[in-house]
Protein chains: 2
Amino acid sequence: MLHDAAQLDLMFQALADPARRQMVDRLSRGPASVSQLAEPLAMSLSAVVQHLNLLEASGLVRTQKVGRVRTCQIEPKALRAAEHWINERRLAWERRLDRLGDFLAETKDET
Amino acid sequence: MLHDAAQLDLMFQALADPARRQMVDRLSRGPASVSQLAEPLAMSLSAVVQHLNLLEASGLVRTQKVGRVRTCQIEPKALRAAEHWINERRLAWERRLDRLGDFLAETKDET
DNA sequence: ACAATAGTTAAGCAATTGCTTCAGTGTTGA
DNA sequence: TCAACACTGAAGCAATTGCTTAACTATTGT
């Protein structure tokens, strides 16, 4: 198991590529095989497998092979971690703005 | 103004780099000048400016120059857009899981 | 006026990324 | 048994990325 920072790094890096985001998008509608994931993408199956391996390494996608088909599904916990990182920063900023607003309101009262 | 998909692309790409995430993290605690952003980073000021330009192009950060100092701040709207993309996919998946759970529960009742 | 400050820009370079093709492996249906 | 199927892995290659240094511009304090 990797520590949070490294895992976060892999996740955001994984999400940075449009093809990989399209794969995540497809998987959000239900599990799919590698070929099914590849079908809408204008690239070789091999390229898709390479993307998929990155997605799996990042923890965003989990896969299991049964016979000759690898079935992929989203790992919502990982998505939540990325979501959480962004959310924390945004909230920190917005709380700061609120405090600033309060301060300005108070200062105005004192005129 | 760019369309959503391209903007999202730039944002996730911007967030993929640890140095840039550190800059966003710093900015979530309040505005900062370029030099202040650079201070904790082990790289040249020039490199920081290049990262900053990417962050600004992605819409995650807004900057304004007064005199010779460029002051940077977070654009929460952009953060919310990235957050939203992830959230939608995760929710789609989780709703799907719920429906599946309901179906299985019903099927069990019918035995 | 001029030195220090704050940032910008361009050129260059090594490492990484996102593909490709090709040559496999293991699985399955006829 | 054996051809089609569903991947997998390695090698190679062009484009992009993340820096560096060096030369620059514009502002400010003394």
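Just so you know, these numbers use all the heavy atoms, side chains as well, and skip hydrogens, waters and symmetry mates. We name chains A, B, ... by the order of the sequence lines, and we start the count at 1 in each one. Note that the structure is predicted; figures quoted are calculated from it, not measured.
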Side-chain N or O of B:His51 closer than 4.0 Å to phosphate OP1/OP2 of D:dC19
yes
Closest nucleotide among D:dT8, D:dG18, C:dT20 to the B:Leu54 side chain:
D:dG18
Pairing of B:Glu83 and A:Arg90 as salt bridge, 4.0 angstrom limit
yes
Measuring from the side chain of B:Val69 (C-beta onward, heavy atoms only), which nucleotide among C:dT20, C:dA6, D:dC19 has the closest atom?
C:dA6
From CD of A:Gln50 over to C1' of C:dT16, roughly how many Å is that when rounded to an integer?
13 Å
Would you say A:Lys65 places a side-chain N or O within less than 4.0 Å of OP1 or OP2 belonging to D:dA6?
no
To the nearest angstrom, how far is B:Gln64 atom CD from C:dA6 atom P?
18 Å
Spacing between B:Gln22 atom CD and D:dC19 atom P, to the nearest angstrom
11 Å
Any donor-acceptor pair under 3.5 Å between the side chain of B:Ser46 and the base of C:dT9?
yes
Exercise: identify the closest heavy-atom pair between A:His51 and A:Ala19:
NE2-CB, 4.1 Å
C:dT16 base to A:Gln13 side chain: any donor-acceptor pair below 3.5 Å?
no
Between P of C:dT8 and CG of B:Leu37, the distance in whole Å
11 Å
Closest-nucleotide mapping onto DNA chain D: is A:Asn53 or B:Gly67 further toward the 5' terminus? I mean the 5' end.
A:Asn53
As a test of reading the structure: which of C:dT8, C:dT5, D:dC7 is closest to the side chain of B:Arg68, going by heavy atoms?
C:dT5
For the pair made of CD in A:Gln36 and P in D:dC7, what is the distance, rounded to whole Å?
8 Å
Would you indicate, yes or no, if D:dT20 has its OP1 or OP2 atom less than 4.0 angstrom from a side-chain nitrogen or oxygen of B:Ser44?
yes
Atom-to-atom span, CG of A:Leu41 to P of C:dT20 - whole angstrom:
11 Å
In whole angstroms, how far is the C1' atom of D:dT8 from the CE atom of A:Met43?
17 Å
In sequence, state the C-alpha distance, the side-chain angles, and the governing distance for B:Arg80 and B:Glu75, and then conclude on salt bridge (Lys or Arg N to Asp or Glu O under 4.0 Å).
CA-CA 9 Å; B:Arg80 202 177 281 119; B:Glu75 185 56 71; over 6 Å; no
Note: B:Arg70-B:Glu56 ion pair, threshold 4.0 Å (strictly below)
yes
A:Asp17 side chain, from C-beta outward: closest of D:dT20, C:dG18, D:dT8
C:dG18
hbond_proxy A:Arg70 side chain to D:dC7 base (donor-acceptor, 3.5 Å cutoff)
no
Rounded off to whole Å, could you give me the CZ-to-C1' distance for the B:Arg21 and D:dG18 pair?
15 Å
Considering all heavy atoms of both residues, which atom of A:Phe12 and which atom of B:Leu15 are nearest to each other, and what is their separation?
CB-O, 3.6 Å
Taking only the side-chain nitrogens and oxygens of A:Arg20, find out if one of them lies under 4.0 Å from OP1 or OP2 of C:dG18.
yes
Are A:Gln64 and A:Thr71 close enough that a side-chain donor and a side-chain acceptor fall under 3.5 Å?
no
Assert: residue with more 5' nearest nucleotide on DNA chain C, out of A:Ala47 and A:Val66, is A:Ala47
